[in-house]
Amino acid sequence: MTAVDEEYVEAVLALVEQVPPGRVTTYGDLARAVGSAGPRQVGRVMALHGDAVPWWRVVHADGRPATCHGGTAVDRLRAEGVAFVDGRRVDLTAARVG
DNA sequence: AATATGACGACTA
DNA sequence: GTAGTCGCCATAT
């Protein structure tokens, strides 16, 4: 299982799709949820198949949204009512799925 | 086979 | 709070 298996991809995408609006999850959280590889591979899955899921609800462990799409993620998150800290970091304390 | 890179995370200065 | 570094695993060259 060196390459990104469909099974792994489906597992990650399924979890992301289960994240409701106004909530977020982290790469590391997803990586532990699937119990395989590492947070980087989760990011790889997003880069490859993230176009099929609300990728903007997947943020870093620090609460910062994905660095891609030039900051489009922040706008989407704010529009969904995600709690922000300092106006640019997601309040994981409240928005993180648990 | 070796090196560099990445939609990451954690640690240290 | 910011910057630098290392560790992690898979991919590209």
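Convention: sequence-line order gives letters A, B, ...; per-chain numbering from 1.
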Protein proximity profile, nucleotides 6-13 of chain B - base contact B, sugar-phosphate-only contact S, no contact -, cut-off 4.0 Å on heavy atoms: BBBSS---
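Remark: E6(A) CD to L13(A) CG distance equals 9.5 Å, nearest 0.5 Å.
Between Y27(A) and H60(A), the ring planes are perpendicular. Angles over 60° get that label, and only those under 30° would be called parallel.
Between L30(A) atom CG and dC8(C) atom C1' the separation is 16 Å, expressed in whole Å.
Checking T25(A), L92(A), V74(A) one by one against V59(A), the side chain to side chain contact (heavy atoms under 4.5 Å, CB included) holds for a single residue, L92(A).
With a 4.5 Å cut-off on side-chain heavy atoms, V90(A) and F84(A) count as touching.
Cluster membership check: V53(A) shares its hydrophobic cluster with L15(A), using side-chain heavy-atom separations under 4.5 Å among Ile, Leu, Val, Met, Phe, Trp and Tyr.
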